Asker: 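Here it is: the structure, laid out below.
In this text the structure is predicted, and so the values were computed from the model without any measurement. Order of the sequence lines sets the chain letters (A, B, ...), proteins ahead of strands, with each chain counted from 1.
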Amino acid sequence: MSSKVRVRFAPSPTGGLHLGGVRTVLYNYLFAKHHGGEFVLRIEDTDQTRYVEGAEQYIYDCLSWCGLEPDESPLKGGPHAPYRQSERKASYYQYAKQLVDAGHAYYAFDTPEELEAMRANLKTEANPTPQYDAKVRMQMRNSEALGMAEAQKLIDTGTPYVVRIKMPQNEQVVFTDMIRGEVHFDTNLVDDKVLLKADGMPTYHLAVVVDDYLMGITHAFRGEEWLPSAPVHILLWKNLGWGDKMPEWAHLPLILKPDGHGKLSKRDGERLGFPVFAMNWKDPKTGELTQGFRERGFLPEAFINILAMLGWNAGTEQEIFSMDELIEKFSISRVHKGGAKFDYEKAKWYNHQYIQRKTDAELVQLAKPYITANGVDADDTYLEKVVGLIKERCTLLPDFWEQGHFFFKTPEITELAAIKDKWNEQKKTFFESWIAVLDAVTDWTHEALEASFNEVMAANGLKKGDVLLPLRIMLVGGKYGPGVFQIAEMIGKEELSNRLNNTTALL
RNA sequence: GCCGCGUUGGUCAAUCGGCUAAGACGCCUCCCUUUCACGGAGGAAUGACGGGUUCGACUCCCGUACGUGGUACCA
């Protein structure tokens, strides 16, 4: 590892950014920063049929929210621009040609219908998905079967063609994965993947190799789903003559559904009630909106911490890591091999932890949007007190409203039943008496209010157990929230007596 | 089907041949609090299976099972 570390995240801008994608970015980023290297963002938009309006900007926004800023990107530019593969289109053909000339690839003219026919004809129970490989190569319409002269004629007459890799026979492709160690593939079982499409765009297979080479990528991290195509990429690196420049590979474990089986998908989140995307994503075609972690009320630091621990750990008992600590402690050798099921409960625990670690002033800024969204315009001093009183009850940002609304608006009494059965004249008299002496409370503090309350309570022959819950229901509406006298202090005398009067009237 | 990869409590996981197998989330009990939460103290719960190797295997090897990924002119 003599040269400077350079890694890349290369998403395809086709929709919402999945938490697994963010984790891939994160591990890339942590590895690069740990080694003082660079992190580049490259947009893999080689499939023009899958172009989605706004998806690229969305990726920038997600990375920015997460604090994972690329050193080079289509937006930021850099020494290897352009960083969008669609804009690099012209550069791929020459490498495909180079491979054909060297006998490592060939032209193929098979139409989609012909490919379909081949697969249908060869399909058997023992072989449900026939591949385009050495076994059928000579029966298809390509420069191997037809000869180069014939192929050239077809090309000259404008016949659409693709370039396919010519998988060698009876070879073993072996490489060392940073996470999994040595991985072996038998070339007889790998198919002749398309490298260059009929529209002149490269497929992922060609593009990733060419661009990683051109951009000087030293370490390539990607999801485990790419492992089966690794032999194609490795052969490409060798056959293009770049074998000594090939990056080290690391195939990251998958993030799986919490229940059942398989990769975690957007649908699982909808089904189980948690976000899967980093931020809200609205599909411009269907108009469908999918909620993200950010809009659900997660803090980016928490989100990052959650993802970091999903497949990696420091080997210590530490659970909470800042980005700087992650950068310092991250090492690929401590990344797990096996997939991890996503646990939303633990994710919420992390967010709660991060909320508790914020100062009240910081929390005011974070909570404010959720307060104002409910038509409340409170000043920061008041908000800061509220936030301090309720924060330990808040797991997600919207909880600041759920847990604190009664500090701003007269609550609806939803749990009147909890006091109605035991309500009596004695209690009624007590509350009326307390309201009457409120004016005498000159020192408007929760201590003074409590003292006054206790005094009147004793005078009426009542105990705390008799009247504390009723008081809470009157002030809050339900059986939750911080100390009742704290609330009474905050809302002030007028509002306090109003709430007491209003509720007793209902009993 | 074939190929790759994986497999420690319900979940995330430590362990890199000596284990009475950490810790966290969640769950349960109790304490604190006459609310909810926080906090505190406890508790239940784990090495897929079968063979080896070894004085000794959760750790190494081989099978089997199971899971998962791939098998597109998508990434």
Side-chain angles (χ1 to χ4, degrees), chain A residues 10-14 44-47 49-50 108 110-112 115-116 119 123-133 160-164 177 179-180 183-186 188-191 193-205 207-208 222-231 251 253-254 256 258-259 261-263 306 309-320 333-334 336-350 352 356 390-395 399 403 415 418 463-469 471-473 475-476 478-484:
Chain A
S12 171
T14 52
E44 307 229 334
D45 55 349
T46 55
D47 187 354
T49 63
R50 295 214 300 166
D110 315 276
T111 64
L115 291 174
E116 207 177 303
R119 293 198 176 100
K123 185 176 171 179
T124 61
E125 207 156 298
N127 183 19
T129 49
Q131 302 192 123
Y132 196 123
D133 59 17
Y161 67 93
V162 302
V163 174
R164 285 181 181 270
D177 186 278
I179 295 172
R180 289 149 215 287
V183 183
H184 304 249
F185 292 91
D186 178 349
N188 293 348
L189 300 165
V190 182
D191 64 337
K193 285 264 180 296
V194 169
L195 266 21
L196 199 71
K197 299 187 256 189
D199 64 1
M201 278 289 200
T203 59
Y204 172 81
H205 305 297
V208 74
R222 60 197 346 182
E224 192 187 339
E225 68 267 29
W226 288 109
L227 202 42
S229 53
H251 291 89
L254 267 12
L256 308 168
D259 65 337
H261 311 292
K263 279 198 287 189
I306 293 158
M309 303 306 282
L310 217 49
W312 172 86
N313 74 85
T316 64
E317 289 186 10
Q318 187 174 352
E319 302 270 347
I320 306 292
S333 64
R334 295 203 65 88
H336 256 247
K337 294 182 176 76
K341 289 183 182 170
F342 179 67
D343 181 357
Y344 187 55
E345 291 305 317
K346 186 128 190 195
K348 286 195 292 189
W349 176 81
Y350 269 108
H352 182 260
Q356 306 322 308
I390 63 172
K391 64 179 175 186
E392 68 234 20
R393 273 153 258 261
C394 295
T395 299
D399 292 341
Q403 293 292 330
E415 296 191 60
K463 293 182 188 138
K464 282 186 175 180
D466 302 321
V467 287
L468 228 36
L469 187 63
L471 176 61
R472 171 168 299 281
I473 302 292
L475 298 189
V476 174
K479 291 194 273 186
Y480 61 95
V484 277

Asker: Can you find a donor-acceptor N/O pair under 3.5 angstrom joining the side chain of A:Lys346 to the base of B:A24?
Answerer: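 Check passes, donor-acceptor contact within cut-off.
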Asker: For B:A14, does OP1 or OP2 lie under 4.0 Å from any side-chain N or O of A:Asn313?
Answerer: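 The answer is yes; a side-chain N or O of A:Asn313 sits under 4.0 Å from OP1 or OP2.
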Asker: What's the closest nucleotide to the A:Pro228 side chain, out of B:U34, B:A24, B:G70?
Answerer: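 Closest of the options to the side chain of A:Pro228: B:G70.
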Asker: Can you identify which nucleotide, out of B:C73, B:A75, B:A37, has its nearest atom closest to the A:Arg393 side chain?
Answerer: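 The nucleotide sitting nearest to the side chain is B:A37.
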Asker: Check this for me, if you would: do A:Lys346 and A:Asp343 make a salt bridge, where the nitrogen-to-carboxylate-oxygen distance has to be below 4.0 angstrom?
Answerer: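 Result for this pair is no, no salt bridge flagged.
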Asker: Taking the six-membered ring for Trp, are A:His205 and A:Trp226 parallel (under 30°), tilted (30 to 60°) or perpendicular (over 60°)?
Answerer: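 Correct class here is perpendicular.
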Asker: Which part of the nucleic acid does A:Gly262 contact within heavy-atom distance under 4.0 Å: base, sugar-phosphate only, or nothing?
Answerer: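 Result for A:Gly262 = sugar-phosphate.
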Asker: Within the structure shown, what part of the strands sits under 4.0 Å from A:Lys348 by heavy-atom distance: base, sugar-phosphate, or nothing?
Answerer: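 No contact.
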Asker: Output the single nucleotide from B:A37, B:G6, B:C2 whose closest atom is nearest the side chain of A:Glu392.
Answerer: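 Side chain of A:Glu392 sits closest to B:A37.
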Asker: Are any of A:Lys197's side-chain N or O atoms less than 4.0 Å away from OP1 or OP2 of B:A75?
Answerer: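 Looking at the OP1 and OP2 atoms of B:A75, one of them is under 4.0 Å from a side-chain N or O of A:Lys197.
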Asker: When you get a sec, tell me which of B:G4, B:U35, B:C3 is the closest nucleotide to the side chain of A:Leu189?
Answerer: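 Of the candidates, B:C3 comes closest.
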Asker: Is the cationic atom of A:Arg164 (NZ for Lys, CZ for Arg) positioned less than 6.0 Å from the six-membered ring centroid of A:Tyr132 and within 45 degrees of its normal?
Answerer: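 Cation-pi check for A:Arg164 and A:Tyr132: passes.
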